[in-house]
Protein chains: 2
Amino acid sequence: MKTQTDMPNRFTSFLEDRGLKLTYERRYLFEKVSRLKGHFNADSLYESLQRDKARIARGTVYRTIPLLLESGVIQKSVGEGKREFFESQTGKEHHDHLVCLKCHKVIEFHSDEIEKFQDQICEKYDFEMVFHDHRMYGHCGSCKEKKK
Amino acid sequence: MKTQTDMPNRFTSFLEDRGLKLTYERRYLFEKVSRLKGHFNADSLYESLQRDKARIARGTVYRTIPLLLESGVIQKSVGEGKREFFESQTGKEHHDHLVCLKCHKVIEFHSDEIEKFQDQICEKYDFEMVFHDHRMYGHCGSCKEKKK
DNA sequence: ATCCAATTTAGATTTAGTCTCAATTAAATG
DNA sequence: CATTTAATTGAGACTAAATCTAAATTGGAT
Ligand SMILES: [Mn+2]
Ligand SMILES: [Mn+2]
Ligand SMILES: [Zn+2]
Ligand SMILES: [Zn+2]
């Protein structure tokens, strides 16, 4: 895979700011996750690199994920089981999650109001938000039914 | 430790509902976490049991935590490092968290407005919320300073 | 009091994620 | 462009967290 563009992006300026090198591996991972639409975790990302025949080590994937998070390229997300999942901030509109404790269904939601109040909270605490993770756990409609 | 009360509580009715046994270990853990004010994880909880000379296995702690979560006795929280932390829903007022990506400081916040909109979202999706976990990651005031 | 399915125990095992260090590479320097 | 050097990577060892196993125990139904 060749770099699609040489324009500075969120990630390259982040690396620059922090005095970190723009390596082949970091660039590759940035471009890979930017194109991902769904939820992924460190391993599924590593496996997709192997399918690409990109020879990037597992350790490098694990080391790069925090950089992608801190640069705002990806956000935390949810998925099967307890592992940490992520998703691109550019590949898909921002959303948060409802998770059913019974059937493990995941419902995505978005609330402009909540996002607005979040920003107010950050201002109040002089906090600069990079990403957030808002989850509600409970019982989905169909599991509530069954309970009866 | 003796049971403080024989009144049915959130946890005992939860166990009843689910047809689960009210064992000595479950009762002990329920009473233990109910009195905890701070953030804890599976291991710190296990260690505190050992200090009590309560002979409850690590596995039992791990198996009981999801029950305490699903019954709404505890909620997810944050703490040092990547492990899952929890805190009692009764031991302390509900709050959510701002986490600094640089110095790892944790700031607790509360927003009635956000809590209200959360409930609206749940209604909209016919979702019964048991607990939630709302985190914002970014840079705290003092870390923003240093950046300059 | 008896019975049995649910639960617990202790330790083994699995799994996710981190660490190590030699080899490589980005990029600063002249 | 060639040299230099500190940052980064790769491969696999290692660690820590969490889960699993199977025998022993127990809650609670009968
Ligand atoms: Mn959001
Ligand atoms: Mn909240
Ligand atoms: Zn459900
Ligand atoms: Zn900070």
Side-chain angles (χ1 to χ4, degrees), chain A residues 2-3 6 8 11-30 32 39-50 52-71 74 76-86 104, chain B residues 2-3 6 8 11-30 32 39-50 52-71 74 76-86 104:
Chain A
K2 260 299 201 52
T3 307
D6 290 314
F11 190 54
T12 55
S13 6
F14 167 83
L15 293 176
E16 178 116 58
D17 278 6
R18 296 260 286 243
L20 298 172
K21 288 184 181 175
L22 175 56
T23 63
Y24 169 78
E25 291 80 5
R26 287 173 177 165
R27 190 200 299 264
Y28 192 101
L29 281 162
F30 165 69
K32 184 87 195 175
H39 299 185
F40 62 91
N41 62 29
D43 260 324
S44 70
L45 180 54
Y46 175 62
E47 281 164 23
S48 86
L49 298 180
Q50 295 197 297
D52 292 355
K53 306 276 186 244
R55 303 186 70 270
I56 295 178
R58 246 161 55 85
T60 301
V61 173
Y62 276 98
R63 280 182 298 231
T64 305
I65 284 174
L67 302 178
L68 293 166
L69 274 171
E70 292 186 40
S71 61
I74 61 176
K76 296 205 185 197
S77 184
V78 295
E80 283 283 309
K82 297 200 166 183
R83 297 187 61 158
E84 278 216 286
F85 274 75
F86 308 93
H104 307 105
Chain B
K2 261 298 201 51
T3 306
D6 291 313
F11 190 52
T12 55
S13 6
F14 167 83
L15 293 175
E16 178 116 58
D17 278 4
R18 297 259 286 242
L20 299 173
K21 288 183 180 175
L22 176 55
T23 63
Y24 169 78
E25 292 79 6
R26 287 173 177 165
R27 188 200 301 264
Y28 192 101
L29 281 162
F30 165 68
K32 185 86 196 174
H39 299 183
F40 62 91
N41 62 32
D43 259 322
S44 69
L45 180 54
Y46 175 62
E47 282 164 21
S48 86
L49 299 179
Q50 293 196 297
D52 294 355
K53 308 275 187 246
R55 302 185 73 269
I56 296 178
R58 178 187 299 278
T60 301
V61 173
Y62 275 98
R63 273 180 277 116
T64 305
I65 284 174
L67 303 177
L68 293 166
L69 274 171
E70 291 186 40
S71 61
I74 60 175
K76 296 204 186 198
S77 183
V78 296
E80 283 283 308
K82 297 200 165 181
R83 296 189 62 160
E84 277 215 286
F85 275 76
F86 308 93
H104 307 106

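Hydrogens, waters and symmetry mates are skipped; everything else that's a heavy atom, side chains included, is used. A note on names: the letters A, B, ... follow the listed sequences, proteins ahead of strands, and every chain is numbered from 1.
- Within residues 54-64 of chain B, the residues approaching DNA chain D are Y62(B), by heavy-atom distance under 4.0 Å.
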Determine whether K32(B) and D52(B) satisfy the following criterion, side-chain contact (heavy atoms from CB on, under 4.5 Å), listing intermediate values before the conclusion. CA-CA 10 Å; K32(B) 185 86 196 174; D52(B) 294 355; 2.8 Å; yes
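- Protein chain B contacts DNA chain C over a range whose 5' and 3' limits, counting nucleotides with an atom under 4.0 angstrom from a non-hydrogen atom, are dA5(C) to dT18(C).
- Atom CD of E47(B) has more than 12 neighbouring heavy atoms from other residues, nucleotides or ligands inside a 6.0 Å radius.
- In this structure E70(B) satisfies the side chain to side chain donor-acceptor pair (under 3.5 Å) test together with R18(B), sequence neighbours excluded.
- When the local axes at the two ends of the helix from dA1(C)-dT30(D) to dG30(C)-dC1(D) are compared, using 5 base pairs at each end, they differ in direction by 50° after rounding to 10°.
- Using a 30° and 60° split on the angle between ring planes, F14(A) and F11(A) fall in the parallel class, below 30°.
- The number of heavy-atom neighbours closer than 6.0 Å to CD of E16(A), taken from other residues, nucleotides and ligands shown, is 12 or below.
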Distance-only donor-acceptor pairs under 3.5 Å for side chains of residues 54-63 of chain B, two or more places apart:
from, atom 1, to, atom 2, distance (Å)
R58(B), NH1, D43(B), OD1, 2.3
Y62(B), OH, R83(B), NH2, 3.4
R63(B), NE, G59(B), O, 3.4

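- Looking at which nucleotide of DNA chain C each of R26(B) and Y46(B) is closest to, the 5′-most match is held by R26(B).
- Nucleotides of DNA chain D lying under 4.0 Å from heavy atoms of chain A occupy a range whose first and last members, 5' to 3', are dA6(D) to dT19(D).
- Looking only at side-chain heavy atoms (C-beta outward), L69(B) and K76(B) come within less than 4.5 Å of each other.
- Residues L20(B) and D43(B) both approach DNA chain D. Their nearest nucleotides, taken by heavy-atom distance, put D43(B) toward the 5′ side.
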